[in-house]
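What follows is a set of notes on a single structure, which appears directly below.
In each ligand, atom 1 is the first atom listed, and ligand 1 is the first ligand listed.
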Amino acid sequence: MTATTTAPAMSEARRYQQLRAHLSYLKLDDAAEALPRVLDAARIDRLSLTAALERLLEVEVEAVEARRLAGRMRFSCLPEPWTLGDFDFAAQPGVDEKLVRDLATMRFLDDAANILFVGPPGVGKTMLSIALARAAVESGHRVYFITAADLAAKCHKAALEGRWNTIMRFFAGPRLLVIDELGYLPLPEGGANALFQVINQRYLRSSTILTTNVGIADWATAFGNATVAAAMLDRLLHRATVVGIDGPSYRLRAHQRHADTIRAAARAAA
Ligand code: ADP
Ligand code: MG
């Protein structure tokens with residue numbers, strides 16, 4: 001008599017333990033942890049079996065998504081937390097807000113199209129690149145950010161250590177590669193060639209965002225090699241959005257304001 005009343009309870013407890021063990025074995029740790037809570041909710045709210053399972057797996061899916069997002073964010077090496085919301089379009093009327101918002105839909109990634117931000121220092125080229133890169137990370141893409149100088153240095157080191165193919169594969173990998181600050185400093189020995197190879201192997205396959213203070217007409221002289229510059233521009237511009245920013249420097253604006261404040265304070269004190 002006792003056997004028939006306690007056996008189902010025992011097997012229910014054992015089944016619960018089994019289920020938890022299955023979830024842990026499958027590394028569904030967040031679902032395993034949520035199991036008691038979801039089972040309680042299922043009892044109290046009289047959830048259907050389907051609804052309870054859905055709720056349990058939703059916990060795991062959300063946790064996996066959060067981990068992947070954090071992983072992509074770490075991998076991307078974005079140097080600042082900037083988003084498009086931080087960009088003051090009113091302060092930079094030279095930037096077409098509609099165009100930038102269209103780029104932020106990430107449609108350009110489907111066409112393996114490129115974006116070039118061209119303009120003098122301080123106008124927000126890096127900021128817009130980072131904001132778009134972040135939007136790409138958030139919509140699930142692998143992104144990598146590097147300055148042109150660091151890219152050249154990395155490739156140079158890899159070449160010396162016999163890892164040229166590995167580093168080229170690395171730069172071919174991300175769905176979006178941001179190469180920041182081309183032209184600020186002369187590229188080191190072999191730098192233009194490394195940059196060309198990176199651009200060439202990504203051409204028509206995946207998107208690159210490039211920021212530069214060198215007007216396109218001056219690339220040949222800036223690279224010291226007109227042939228490489230022309231070949232690189234050819235590939236970059238074949239499918240590209242060129243955003244020229246020639247407005248006032250935001251950085252200088254801030255300095256200006258700072259100087260004005262100091263002058264006003266000095267006048268008030270006098
Ligand atoms: P660039 O890469 O063109 O030299 P940055 O993107 O590094 O310029 O911008 C320089 C500084 O000014 C950064 O701190 C950036 O956040 C700020 N900044 C530039 N443009 C804007 C803008 N339109 N709205 C808000 N901040 C801006
Ligand atoms: Mg910059």
Atoms of ligand 1 close to [X] [distance to a heavy atom under 4.0 angstrom, numbered from 1]:
{"X": "G124", "answer": "1 (P), 3 (O), 5 (P), 6 (O), 8 (O), 9 (O), 19 (C), 20 (N)"}
{"X": "P121", "answer": "4 (O)"}
{"X": "D88", "answer": "22 (C), 23 (N), 24 (N), 25 (C)"}
{"X": "D86", "answer": "24 (N), 25 (C)"}
{"X": "M127", "answer": "6 (O), 15 (C), 16 (O), 18 (N), 21 (C), 25 (C), 26 (N), 27 (C)"}

Is any side-chain N of the basic residue among [X] and [Y] closer than 4.0 Å to the acidic one's carboxylate O?
{"X": "R134", "Y": "D86", "result": "no"}
{"X": "D96", "Y": "R101", "result": "no"}
{"X": "R43", "Y": "D40", "result": "yes"}

Practice task
Please tell me if the side chains of L176 and L132 come closer than 4.5 Å, counting only heavy atoms from C-beta onward.
Solution key: no
Handout entry: Nearest non-hydrogen protein atom, atom 2 (O) of ligand 1
Key =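 I find the closest protein heavy atom is T126 OG1, 2.7 Å.
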Problem - Nearest-neighbour protein heavy atom for atom 7 (O) of ligand 1, which is reported as residue plus atom name and distance - result: R251 NH2, 3.4 Å
Practice task
Return a yes/no value for A91: is any of its N or O atoms, backbone included, closer than 3.5 angstrom to an N or O of ligand 1?
Solution key: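 A91 vs ligand 1: no N/O contact under 3.5 Å.
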Handout entry: G122 N/O to ligand 1 N/O under 3.5 Å
Key = yes
Exercise for the section: Output every pair passing ring-ring contact (aromatic ring centres under 6.0 Å, His included) with a member in residues 81-120, not counting sequence neighbours, ordered by first then second residue. Expected result: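 Matches after skipping sequence neighbours: F87-F89.
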Exercise for the section: Identify which of Y250, F87, W82 has a heavy atom lying nearest to atom 13 (C) of ligand 1. Expected result: W82
Fill in the blank from the handout: The protein N, O or S atoms lying under 2.8 Å from the Mg ion (ligand 2) are T126 OG1
